[in-house]
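Structure record follows, encoded as structure tokens.
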Amino acid sequence: DLHPDNTGEQKKQDVWMAAMGKDSNFEMAKNIGYPINNEAHNFAISLSPDANTLLVGNKYNLDGTMSKGVSISNFKGTNWEFPKPINLNENVIGRNGTYSLASNRKVLLMSTEGDDSYGKEDIYVFFRINDSTWSAPINLGVQINTASSEIAPYLAADMTTLYFSTDGRPGYGNTDLFISRRLDESWTNWSEPLNLGPKFNTSGWDAYFTIPASGDYAYYVSTNNSIGKEDIFKIKLPDALKPKIVALVSGRVLNAK
């Protein structure tokens, strides 16, 4: 927010990226540019493991305006395509929320205050029907959701391990990070959420947990010991808190049959 290299006169929030160098340190961050960034507030939600699909906040209208919702963009070799809206159930689409797109791009988690929420924001799951249509939302249930707020869900590549933040369970600060594992195919049966502990959670606000495909390190956002408001932190992930091991296969399909 307010960075001099952001788009527009008001320098509202833009999406930036940073590549990791050979020394495992990040290089200088760069503005990702148009069409992801415009004069409105822009923010990234999820990046696919192959780094070619980006989920971004809001609906991008062709006239340059924005409306509430979420959109998806694919990388086309040298640039990102114009974000296309994802059509979600009207019971939640008009409300603020945080999202996570699964690595298979067929499952979408959303934190929002829906008509059947147990309290404030609950975590819901949607399933992709086709490129533009998704199923009705399913509340993950009382094993995950409380009378308070559950926000910033992240579903690991194993499609089983869920990380999220909440202020509705005992913790170390304002909002803490938790882990839970899906026990069956219903998406409403989960293990008892486990607090990630004092190495991750602070006396401040901790959220937006994410893991790269390697699974060795985790990244999250915290207000504690930050340079400004919220900063991004990197931490080594102990084995007990890692998702199941998955293989990432990349290549080109030369014969559709």
Crowding at [atom1], [X] (>12 non-hydrogen neighbours, <6.0 Å):
X: Lys199; atom1: NZ; value: no
X: Met28; atom1: CE; value: no
X: Leu194; atom1: CG; value: yes
X: Lys11; atom1: NZ; value: yes
X: Met17; atom1: CE; value: no
X: Gln10; atom1: CD; value: no
X: Lys236; atom1: NZ; value: yes
X: Lys120; atom1: NZ; value: no

Inter-residue atom distance [X].[atom1] - [Y].[atom2], 0.5 Å rounding:
X: Arg181; Y: Thr160; atom1: CZ; atom2: OG1; answer: 8.5 Å
X: Thr133; Y: Phe127; atom1: OG1; atom2: CZ; answer: 15.5 Å
X: Phe75; Y: Thr53; atom1: CZ; atom2: OG1; answer: 11.5 Å
X: Ser148; Y: Glu121; atom1: OG; atom2: CD; answer: 8.0 Å

> Got a sec, which hydrophobics cluster with Ile245, joining ILVMFWY side chains under 4.5 Å apart, including via others?
Replying inline: none

Between [X] and [Y], what is the ring plane arrangement, given parallel below 30°, perpendicular above 60°, and tilted in between?
X: Tyr163; Y: Tyr154; result: tilted
X: Phe209; Y: Phe200; result: tilted
X: Tyr208; Y: Trp205; result: tilted

> Could you walk me through whether Thr7 and Tyr34 pass the side chain to side chain contact (heavy atoms under 4.5 Å, CB included) check?
Replying inline: CA-CA 9 Å; Thr7 306; Tyr34 180 85; over 6 Å; no

>> Looking only at side-chain N and O atoms, does Glu150 offer a donor or acceptor that is under 3.5 Å from a partner on Thr166?
In response: yes

Does the side chain of [Y] come within less than 4.5 Å of [X]'s, by heavy atoms?
X: Ser48; Y: Leu101; result: no
X: Thr202; Y: Asn225; result: no
X: Asn31; Y: Asn6; result: yes
X: Leu196; Y: Asp206; result: no

> Which salt bridge (charged side-chain N to carboxylate O under 4.0 Å, His left out) pairs, counting each pair once, include a residue from residues 14-24, with sequence neighbours left out?
Replying inline: none

> For the residue pair Tyr217 and Ile211, what are the closest heavy atoms and their distance?
Replying inline: O-CG2, 3.6 Å

